[in-house]
Structures are given as C-alpha cells and as structure tokens.
Amino acid sequence: MSVLPEDPRVGELSEAIILRGILERLGGSRALVGPGDDAAVLAMAGRVVATTDTLVEGPDFRLAWSSGYDLGWKSAAVNLADVAAMGARPTALLVALALPAETRLSFVLDLADGLRDACDRLAPGCEVVGGDLTVSPTLTIAVTALGELEEREAVRRDGARAGDVLALAGEAGQAARGLSVLFDRFRDADGRPVPVDRSGLVPDDARALDAQLRPLPPVALGPVAADAGATAMMDVSDGLARDAARMAAASGVSFDIDGAALGPHRAWAVSGGEDHGLLATFPDGRELPEGFRAIGRAVPARADGPAVNVDGAAADGGWDPYRDWDGRSG
C-alpha cells in the first residue's frame, strides 16, 4: 500500500480526501442542508441578494505574496462587501476552487481557515455552505455570496440626488498603498515577485500590506446605512475616482469631494483600489450612522464636466487589475 507524503500535492489525492480536509476546517454547518449533498438548502425569509467574484492568479494575486490563508480571507471579504453594499446581511458563501495539481494540501486547508475566519470576523453567522473543486493550470477562487435584506429595501447605486451628503465607511487608500509596497519592495531585478519579508517594514507599511492581503471591509455597516436612510451605496473596490463616477452616472448627478476628508492616503484613495469600503449618500441634514464620515456632496450633473471633482479638480484614474498588475504570475 502506498503511503502519502506528510504534505501531499492535490494531484496525488482524491477529491473526497481534499473535500474532507476542507470541511473539517470549515466546521459544522447551520444550513438546513450543508456541504455534502447536490446543493445546499437555506432557510431565508424574503428577498435574497446574490453576488459573485473571482480571484485568479496573475491579474488578482501572486502566490509569492499571498498565503493560502490570505487568499481565503480576501476571497470571502470582497464578496461580503458586495452583499453589504446592497444593505443586506451576508448569510452564505459557495466556493469553487480550481487548483493546479502541484498545490500542497496544507495550502488548501489554510485557504479554508481564511474563509472561515473572515466570515466569523466580518459577518458572524455567515458560512461556506457548498461549492466545487476541480483541477486547473491556474489557481482560481470563485465565490458566490448570498445575503438577506430582512424587510429593508435594497440600496442601489442609482438613488443619489443633488444635495445628498457623500459619505465613506472604511479605510481609504491603504490597500492601494499596500500593493505599492509589494511592487516596490518584493520583486527581484527581473520584476518577478519574491516572498514578503516583514522584518524590514515600518509599521505604516506593514498596516498597508495587511489592508491589501487581508482587507477588513465594514460589512456590518451595510444594513446600518440602509436603515439610516442611505439613498445610494456601493463597494469601493476600484478607487473613488472610478467608483464614485459609476454612482454618479447611475444616479444622474456629479460629486464634489473634499480631499482633506480622505485622510493621509488621499492619492491612493482616489486612484487606487481594493479598499472595499462602503460609499453611500444620505439626505442632507440626516445624521450619519456611526462609522461613516462625510467626504463630499452630490451636485447637479455637469453636462460637459467631470462626474467627480476632488478639491475642485477633475478626478480621474482608478484601479484596473488588467492594467495595474503587470501580468506576471507568482
């Protein structure tokens, strides 16, 4: 009888063994029917929010920089933020993994740990209820997230009106700064990514790196904003210049933003990405819910002008993974 190595590659294992290891890490499910059947069965009342996001090695992450735990955490966090941006409470994730045959089992189990811990930290009660597992030359993590509106109306991007206060929850610019740290500090002479060595990082750079690899979107504030009367809301994943312009176009308004309100990483906040904060508008005079800070105001649409101004100047740029990553795998 053959004996498997201590940390086997997934190509040496059956799907059943890999799944058993993942499910052991995820813990028991509270779903009516959890992982292990053809589909999960969930108890939900009312309307359900659904979203999906995919992380692909190359345009979305580098294995030299991200651990399995990091990728599990981030793949959960970015989807939870999208559910929250609709004003819903995240309830379940479905996770599909496409793994190169040489991937170590320990990496996969660490990824499961990251998924579980991100749900526990960011959206208590949300859990992985199913998914799929396959082999691919490119490591890919596809997550579908479900959430409950719980009698509230979904908050869309198209509800902002002139005079509304533009507000932001979450960090602004830290994740983009963290990506800059990776590209500036952790590539070799040929531009290939090398493993992160935190020993030489100053505290501010280390915090920025954490924001990039393990984001902390303010998921709980999505339903809070909806209950507080938010007229529009969205996840900020591509920088304020691009995402605020999307909200402005959907709502038929323009936005004037106060650069000082964006904090010390203003340039990163405007043109960088992957912060996964919540951008929302509220009626003028309405008290902002705790965790949101005013950063500007909606104004009548400028027919021949920019959709977004920061301190009176047109804001352009924004995060584009196909442009802003360099195309290398790692």
Side-chain angles (χ1 to χ4, degrees), residues 49 51-55 59-60 74 77-88 145 154-161 164-179 211-212 215-219 221-222 225-226 230-259 261-263 265-282 288 291-299 301-302 305-311 313-325:
V49 167
T51 185
T52 190
D53 201 287
T54 303
L55 298 183
D60 296 310
K74 189 168 186 176
V78 301
N79 280 277
L80 296 172
D82 281 335
V83 171
M86 300 299 292
V155 185
R156 298 167 36 160
R157 299 180 180 186
D158 61 0
R161 298 293 178 262
D164 283 355
V165 173
L166 183 67
L168 181 68
E171 293 186 304
Q174 277 281 59
R177 181 170 174 238
L179 188 63
Q212 167 58 222
L216 295 170
V219 174
L221 292 182
T231 54
M233 186 159 54
M234 66 182 297
D235 164 55
V236 182
S237 55
D238 296 330
L240 282 172
R242 177 161 294 169
D243 285 332
R246 289 167 173 160
M247 183 183 285
S251 297
V253 299
S254 295
F255 288 119
D256 288 338
I257 294 177
D258 176 9
L262 300 180
H265 306 303
R266 167 186 162 177
W268 298 121
V270 172
S271 61
E274 302 203 302
D275 283 319
H276 299 289
L278 295 178
L279 184 68
T281 55
F282 296 89
L288 296 181
F292 280 88
R293 60 192 183 279
I295 63 168
R297 188 171 294 275
V299 299
R302 291 181 277 260
V308 180
N309 275 344
V310 178
D311 294 336
D316 53 18
W319 169 254
D320 182 344
Y322 296 98
R323 179 196 67 199
D324 297 325
W325 289 81

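Note that the numbering runs from 1 along the sequence shown for the chain.
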Response to the item:
Residues Ala248 and Phe255: closest non-hydrogen pair is N-CE1, 3.6 Å

Worksheet entry | Residues Lys74 and Asp60 bridged, charged N to O under 4.0 Å | no

Fill in: Pairwise distance CG(Leu279) to CG(Leu166) - rounded to 0.5 angstrom
4.5 Å

Worksheet item: Is a side-chain N or O of Asp235 found less than 3.5 angstrom from the main chain of Ala81, in a donor-acceptor match?
Response: no

Worksheet item: Once you round to the nearest 0.5 Å, how far does CZ of Phe292 lie from CG of Leu168?
Response: 8.0 Å

Item to complete: Answer yes or no: is there a donor N or O on one side and an acceptor on the other, between the side chain of Ser251 and the main chain of Arg157, under 3.5 Å?
Response: yes

Fill in: Nearest heavy-atom neighbours spanning Ala245 and Val308
N-CG2, 3.5 Å

Discussion item. Could you report the tightest heavy-atom contact between Ala230 and Val155, atom names first, then the distance?
Written reply: O-CG1, 3.9 Å

Worksheet item: Quick one: does Thr231's side chain have a donor or acceptor within less than 3.5 Å of a partner on Thr281's backbone?
Response: yes

Worksheet item: Taking the side chain from Asp256 and the backbone from Arg297, do they hold a donor-acceptor pair closer than 3.5 Å?
Response: no

Practice prompt. Examine distances only and state if a side-chain atom of Asp243 and a backbone atom of Asp238 form a donor-acceptor pair shorter than 3.5 Å.
Written response: yes

Response to the item:
Closest non-hydrogen atoms of Leu278 and Val236, given as atom of the first, atom of the second and distance, are C-CG2, 4.4 Å

Worksheet entry | Pairwise distance CZ(Arg266) to OG(Ser271) - rounded to 0.5 angstrom | 10.5 Å

Worksheet entry | Shortest non-hydrogen contact from Ala232 toward Ala160 | CB-N, 3.5 Å

Worksheet item: CG of Leu216 to CG of Leu80: how many Å apart, nearest 0.5 Å?
Response: 11.5 Å

Discussion item. Any salt bridge linking Asp258 with Arg293? Criterion: basic side-chain nitrogen under 4.0 Å from a carboxylate oxygen.
Written reply: no

Discussion item. So does Gly173 get a backbone contact from the side chain of Asp275, meaning a donor-acceptor N/O pair under 3.5 Å?
Written reply: yes

Worksheet item: Counting only heavy atoms not in Arg302, do more than 12 fall under 6.0 Å of its CZ?
Response: yes

Practice prompt. Report the distance from atom CE of Met247 to atom CE of Met233, rounding to the nearest 0.5 Å.
Written response: 8.5 Å

Practice prompt. Mind listing the closest non-hydrogen atom pair of Ala261 and Ala294 along with its distance?
Written response: CB-O, 3.6 Å

